[in-house]
Amino acid sequence: MEVLSHIYKVLMELYGPQGWWPLIDRDTMTLRYHPGDYTPPSDDGELFEVIAGSILTQNTSWDSAASALINLAVMDALKPHRILSLDDAELEAAIRCAGFYRQKASYLREMAGFFLSLEGSTPSRKELLRVRGVGPETADSVLLYAYRKPEFVVDAYTRRMLAYLGIIAGDESYHRIKELFEKSIEPDFRVFQEYHALIVRHGKSYYRGRVHGEGDPLTEKLGDSCD
DNA sequence: AGCCAGGCTACCG
DNA sequence: CGGTAGCATGGC
């Protein structure tokens with residue numbers, strides 16, 4: 001799957017480093033990307049912020065999830081023990097704009113408890129998957145962007161793009177697609193972080209809505225690398 | 001007016 | 001086991 005390295009190169013040339021995961025700037029209370037800086041999250045607060053964001057953005061636009069995150073930050077509730085001490089009505093009201101707010105409130109609590117139980121250690125993928133509300137994509141997002149582990153994140157855009165480009169059929173399992181990337185890309189968490197972010201960036205332009213892939217510049221640039 | 005968004009769980013056969 | 005309804009608001 002040399003083609004996956006090629007796609008990475010082309011996407012990087014098109015868009016440049018994306019600086020994921022975006023973090024809240026406490027002064028302006030706005031989300032900020034940090035392209036080229038692979039040191040964050042720099043403390044437990046930012047680490048939990050990534051974790052909370054990965055739950056809030058499930059099947060939801062990032063802008064909606066971001067509003068919910070800001071709401072929590074303003075309430076100084078973007079930390080595990082505060083999430084656990086809020087009552088249902090408060091928590092649900094704060095994250096309502098992110099949709100599925102009852103589920104997500106419950107999921108945030110599950111994650112808060114789990115995070116505290118870690119006492120600073122890094123969770124395994126298997127442990128993360130045992131937390132209610134954490135599926136494969138969320139687990140990989142947390143490991144990749146919070147704990148900086150080289151776990152490739154597969155999302156809907158990834159599947160759609162590879163299917164359109166003829167690299168997969170489209171009905172492959174999450175694990176299968178994840179393996180495809182992990183076998184052909186060097187296991188560098190910085191590369192994995194950028195690659196997934198670039199796919200989302202590209203997907204927002206060409207793989208959202210009804211028609212997928214229309215006008216995708218990748219189709220022309222992949223001509224002579226058909227694996 | 002609908003369709004979609006950086007998915008997951010529970011339940012169905 | 002694989003497949004799918006339900007979850008819910010906000011933006012275009």
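Small disclaimer: the values here were computed from a predicted structure and weren't measured. In what follows, every chain begins at residue 1, and chains take the letters A, B, ... in the order their sequences are listed.
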Within the side chain of Q193(A), is there an N or O that forms a donor-acceptor pair under 3.5 Å with the backbone of R148(A)?
no

Give a yes or no on whether the backbone of Q18(A) and the side-chain of E194(A) come within a donor-acceptor separation of less than 3.5 Å.
yes

With rounding to the closest Å, how many angstrom separate the [atom1] atoms on [N] and [M]?
{"N": "dC4(B)", "M": "dA5(C)", "atom1": "P", "result": "15 Å"}
{"N": "dC11(B)", "M": "dA8(C)", "atom1": "P", "result": "15 Å"}
{"N": "dG6(B)", "M": "dG6(C)", "atom1": "P", "result": "24 Å"}

Expressed in angstrom and rounded to an integer, what is the separation of [X] atom [atom1] from [N] atom [atom2]?
{"X": "L31(A)", "N": "dG6(B)", "atom1": "CG", "atom2": "C1'", "result": "14 Å"}
{"X": "L56(A)", "N": "dA5(B)", "atom1": "CG", "atom2": "P", "result": "18 Å"}
{"X": "I55(A)", "N": "dT9(B)", "atom1": "CD1", "atom2": "P", "result": "10 Å"}
{"X": "H212(A)", "N": "dA5(B)", "atom1": "NE2", "atom2": "C1'", "result": "12 Å"}
{"X": "R96(A)", "N": "dA5(B)", "atom1": "CZ", "atom2": "P", "result": "22 Å"}
{"X": "D140(A)", "N": "dG7(B)", "atom1": "CG", "atom2": "C1'", "result": "13 Å"}
{"X": "N59(A)", "N": "dG6(B)", "atom1": "CG", "atom2": "C1'", "result": "9 Å"}
{"X": "Y195(A)", "N": "dG6(B)", "atom1": "OH", "atom2": "C1'", "result": "16 Å"}

Tell me what [X] touches on the nucleic acid: a base, only sugar-phosphate, or nothing, going by heavy atoms under 4.0 Å.
{"X": "T138(A)", "answer": "sugar-phosphate"}
{"X": "V131(A)", "answer": "sugar-phosphate"}
{"X": "V153(A)", "answer": "nothing"}
{"X": "G135(A)", "answer": "sugar-phosphate"}

Is the centre of the Y8(A) ring less than 6.0 Å from the centre of the Y195(A) ring?
yes

Quick one: on DNA chain B, does P22(A) or R132(A) contact a more 5' nucleotide (nearest heavy atom)?
P22(A)

So which one's nearest nucleotide on DNA chain B is more toward 5', V134(A) or R160(A)?
R160(A)

Taking the six-membered ring for Trp, are W62(A) and W21(A) parallel (under 30°), tilted (30 to 60°) or perpendicular (over 60°)?
perpendicular

Does dG6(B) have its OP1 or OP2 closer than 4.0 Å to a side-chain nitrogen or oxygen of R159(A)?
no

Under 3.5 Å side-chain donor-acceptor pair for Y157(A) and H202(A)
no

For R201(A) and S205(A), test the side chains for any donor-to-acceptor distance below 3.5 angstrom and give the result as yes or no.
yes

CG-OG1 distance between L69(A) and T57(A), expressed to the nearest 0.5 angstrom
9.0 Å

Nearest atoms (heavy-atom pairs only) where V131(A) meets E110(A):
CG1-CB, 3.9 Å

Strictly below 4.0 Å, heavy-atom distances to any atom of DNA chain B: list the hits from residues 101-112 of chain A, or just say none.
Q103(A), Y107(A)

Looking at dG7(B), dA5(B), dG6(B), which one has an atom nearest to any side-chain atom of A156(A)?
dG7(B)

I'd like to check, for Y157(A), whether its ring lies over the base of dA5(B) with centroids under 5.5 Å apart and a plane angle smaller than 30°.
no

Nucleotide range of DNA chain C contacted by chain A, 5' to 3', under 4.0 Å to a heavy atom?
dG6(C) to dG10(C)

Give the C-alpha distance, both sets of side-chain angles, the deciding distance and a yes or no for salt bridge (Lys or Arg N to Asp or Glu O under 4.0 Å) between R109(A) and D88(A).
CA-CA 10 Å; R109(A) 287 224 169 81; D88(A) 285 347; 2.8 Å; yes

Relative to the 5' end of DNA chain C, which residue comes earlier, D63(A) or T60(A), by the nucleotide with the nearest heavy atom?
T60(A)

Tell me, do V153(A) and E137(A) make a side-chain contact under 4.5 Å, heavy atoms counted?
yes

Would you say R125(A) has more than 12 foreign heavy atoms packed within less than 6.0 Å of its CZ?
yes

Re dA1(B): Watson-Crick or G-U wobble partner, both distances kept under 3.5 Å, found to be none

